[in-house]
Amino acid sequence: MAMDDFFSQVYKVVVKIPCGRVTTYGAIASCLGSPGAARMVGWAMNASHTSSRYVPAHRVVNRNGLLTGKHHFDTPVAMQELLENEGIVVVNGQIANFKDCFWDPSSELSDK
DNA sequence: TAGCTGACGCCCT
DNA sequence: CAGGGCGCCAGCT
């Protein structure tokens with residue numbers, strides 16, 4: 001894993017997100033050491049398709065629990081469908097039990 | 001080569 | 001309580 005790129009850092013965290021759980025851009029950025037680099041996390045997601053590894057970008061939402069990047073998927077509903085498929089309740093493009101299914105990498109990942 | 005944008009977040013007014 | 005502005009790093013034009 002010589003990929004020390006910022007992108008790969010994000011990929012590793014996102015891929016480790018448990019099924020039925022979601023995380024936020026800020027949480028990942030903060031876990032990487034740059035809380036203000038949340039934008040960059042989104043940018044990494046955009047490049048996620050360039051990664052040899054599958055990156056469940058649908059599990060990554062903004063701090064409001066809103067599916068901001070749904071429009072970047074093959075279909076604007078793909079993200080919601082995937083989340084609902086994992087048992088996550090999505091209403092109006094927003095996660096209903098967001099705090100309930102929220103997964104903090106800087107806490108859960110750090111503890112592991 | 002330099003500048004701008006980009007799937008965001010937090011602080012200040 | 002609400003709105004606006006600034007900060008982060010990297011890729012693309």
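By convention in this document, chain letters (A, B, ...) are assigned in the order of the sequence lines, proteins followed by strands, and residues within each chain are numbered from 1.
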Shared hydrophobic cluster, Y25(A) / V14(A) (ILVMFWY, side-chain heavy atoms < 4.5 Å) | yes
When the side chains of residues 54-62 of chain A are checked against the rest of the protein, which donor-acceptor pairs come out under 3.5 Å, sequence neighbours left out?
unit_1, atom_1, unit_2, atom_2, d
H58(A), NE2, E86(A), OE2, 3.4
R59(A), NE, E86(A), OE1, 3.0
R59(A), NE, E86(A), OE2, 3.1
R59(A), NH1, I17(A), O, 2.8
R59(A), NH2, E86(A), OE2, 2.7
N62(A), OD1, N64(A), N, 3.1
N62(A), OD1, G65(A), N, 3.0
N62(A), OD1, L66(A), N, 2.6

Going through the checks in order, is the side-chain contact (heavy atoms from CB on, under 4.5 Å) test met by D104(A) and T24(A)?
-> CA-CA 8 Å; D104(A) 188 347; T24(A) 67; over 6 Å; no
For residues 71-105 of chain A, which residue pairs qualify under ring pair (Phe, Tyr, Trp, His ring centres under 6.0 Å), counting only residues two or more places apart or in two chains?
-> F98(A)-F102(A)
Pairing residues for D100(A) by the side chain to side chain contact (heavy atoms under 4.5 Å, CB included) criterion, not counting sequence neighbours = N97(A)
Point-to-point distance, once rounded to the nearest 0.5 Å, from OG of S34(A) to CD of Q9(A) = 10.5 Å
What does the list of N/O pairs under 3.5 Å between the protein and nucleotides 7-10 of chain B look like, with a distance for each?
unit_1, atom_1, unit_2, atom_2, d
dA7(B), OP1, H72(A), NE2, 3.2
dA7(B), N7, G42(A), O, 3.1
dA7(B), N7, N46(A), N, 3.2
dA7(B), N6, M45(A), O, 2.9
dA7(B), N3, Y25(A), OH, 3.1
dC8(B), N3, R39(A), NE, 3.2
dC8(B), N4, R39(A), NE, 3.0
dC8(B), N4, R39(A), NH2, 2.5
dG9(B), OP1, R63(A), N, 2.7
dG9(B), OP2, R63(A), N, 3.0
dC10(B), OP2, R63(A), NE, 3.3

For R21(A), all residues meeting side chain to side chain donor-acceptor pair (under 3.5 Å), sequence neighbours excluded = none
Nucleotides 11-13 of chain B: which of its N/O atoms have a protein N/O under 3.5 Å away?
none

Which value, in whole Å, describes the distance between the C1' atoms of nucleotides dA7(B) and dG3(C)?
-> 23 Å
When rounded to the nearest 0.5 angstrom, what is the spacing between CZ in R63(A) and OG1 in T23(A)?
-> 11.5 Å
